[in-house]
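As structure tokens, the structure follows; a few thoughts come after it.
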Amino acid sequence: MPTTLLDRSASSLARFSQHEVQALLDAARLFKQPGVAAGRRLLGRHVAVLSELPAGPSAEAFTEAASALGAQVVRIPVGAAHLDDPRSRRNTARVLGRLYCAVGCDGLGAGRASLLARWAGVPVFDAVASDTHPARLLGDLLTMCEHTHKSMHDIMLWVAGEAHTPLAQAWQSLAELTGLEVSTGGAGRSDFICQAQAARGPGAPLGLLAVQDGRAPRSLLAEQTENHRCMLQALLCEALT
């Protein structure tokens, strides 16, 4: 995968290619096969996680994925990194880049994460548990394919809410890469329903529901959780190996 993945590891699918999306899906599927762990492919590597204490869901997800790959994970409080201080944040970023091969951030924000990646020179993964992060979107796409045993272009997804929301736009971007059919006008004959975290409320289950034969939508929580982890591991491995 091109080294430009390093530049977009913190952001979105906007600059991914169709080939890259398929490669990540294939890699995540491989990690799920019985007896084929992630291969401890980051054994001996060191990664940092910038987060407040207690850690949020993105810090926990990144830590779990990196640890399962064999990496040594170091938690650094956001305040200790001094990223809001213009006089020290560039030096801090350069030190992080020398000490760690990747940095995970919990809600650092796209702007600060982009600057951190530029100055550190290593992949920076921000807010990996957010609705629109590539690990979440691609993990959910993998869940839909596995659940229906359909090709991507045969799956219909209804994204609840307005068409201009970040979640709807992210799914539309992924639809352009994969042929997935995405609607925001109504559930119709959709196979799945996706709802943003803000609409579900704090503590609600992951927002992908399967629609089957007119019955009440069914949660896919266990499948989503596993596929998000495997997809994040695929992104880490492609960025670092």
Side-chain angles (χ1 to χ4, degrees), residues 5-16 20-21 24-25 28 47-66 73 75 78 81 83 102-117 123-144 157 159-175 177-178 180 182 184 192-209 219-221 223-236 238-239:
L5 179 61
L6 181 147
D7 300 325
R8 57 181 185 259
S9 55
S11 54
S12 70
L13 288 164
R15 293 169 57 193
F16 278 65
E20 289 167 338
V21 166
L24 288 168
L25 289 167
V47 303
V49 176
L50 293 177
S51 69
E52 300 293 353
L53 295 176
S58 290
E60 296 294 348
F62 187 85
T63 299
E64 180 183 357
V73 181
R75 182 75 56 80
V78 171
L83 295 176
V103 179
C105 305
D106 199 346
L108 192 62
R112 289 195 297 175
S114 178
L115 289 174
L116 179 60
V124 174
F125 295 81
D126 183 47
V128 298
S130 68
D131 281 334
T132 58
H133 193 277
R136 291 290 297 270
L137 294 167
L138 291 171
D140 281 352
L141 178 60
L142 182 57
T143 298
M144 289 188 282
L157 171 70
V159 182
E162 300 293 330
H164 63 270
T165 63
L167 179 62
Q169 292 177 343
W171 275 113
Q172 291 289 357
S173 295
L174 185 53
L177 291 170
T178 62
L180 174 72
V182 174
T184 57
F192 299 92
I193 300 171
C194 183
Q195 189 177 35
Q197 288 178 357
R200 300 195 304 272
L206 297 172
L208 184 66
L209 302 174
S219 173
L220 299 170
L221 179 59
E223 296 96 320
Q224 277 186 279
T225 300
E226 180 184 14
N227 286 334
H228 291 163
R229 184 188 68 250
C230 291
M231 188 56 66
L232 183 52
Q233 289 176 331
L235 281 164
L236 275 165
E238 291 293 353

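Counting only heavy atoms from C-beta outward, the side chains of Leu220 and Asp140 never approach each other to under 4.5 Å. At least one side-chain heavy atom of Leu50 sits under 4.5 Å from a side-chain heavy atom of Leu116. You'll find the side chain of Leu236 reaches within 4.5 Å of the side chain of Phe62, heavy atoms only. Counting only heavy atoms from C-beta outward, the side chains of Met144 and Leu208 approach each other to under 4.5 Å. Looking only at side-chain heavy atoms (C-beta outward), Ser219 and Leu209 come within less than 4.5 Å of each other. Contact annotation: the side chain of Val124 approaches that of Cys105 to within less than 4.5 Å [non-hydrogen atoms, C-beta and beyond].
Evaluation of the side chain to side chain donor-acceptor pair (under 3.5 Å) rule for Arg229 yields no partner, not counting sequence neighbours. Shown here are the side-chain contact (heavy atoms from CB on, under 4.5 Å) partners of Thr184, two or more places apart in sequence or in another chain: Val159, Ala163, Ala168. Residues passing the side-chain contact (heavy atoms from CB on, under 4.5 Å) test with Ala59, sequence neighbours excluded: Val49, Ser51, Ala55, Asp106. Thr143 is linked by a side chain to side chain donor-acceptor pair (under 3.5 Å) to Asn227, counting only residues two or more places apart in sequence or in another chain. Annotation: side-chain contact (heavy atoms from CB on, under 4.5 Å) contacts of Leu115 (sequence neighbours excluded): Arg118, Trp119.
Of the candidates Leu138, Val128, Leu13, Asp126, His133 forms a side-chain contact (heavy atoms from CB on, under 4.5 Å) with just one, namely Val128.
Under the 3.5 Å distance criterion, the side-chain polar atoms of Thr132 are left unmatched by any main-chain donor or acceptor of Leu167.
Across all their heavy atoms, Ala129 and Ser58 have their closest contact at N-OG, 3.0 Å. Closest non-hydrogen pair, Met231 versus Leu25, comes out as CE-CD2, 3.7 Å. Closest of all the heavy-atom pairs between Trp171 and Leu141 is CH2-N, 4.1 Å. Closest heavy-atom contact between Gln169 and His164: NE2-O, 3.3 Å. Between Leu142 and Ala28, the shortest heavy-atom contact is CD2-CB, 4.0 Å. Smallest separation of non-hydrogen atoms from Val182 and Ala175: CG2-CB, 3.8 Å.
The OG atom of Ser114 sits 12.5 Å away from atom CZ of Arg112, with the distance rounded to the nearest 0.5 Å.
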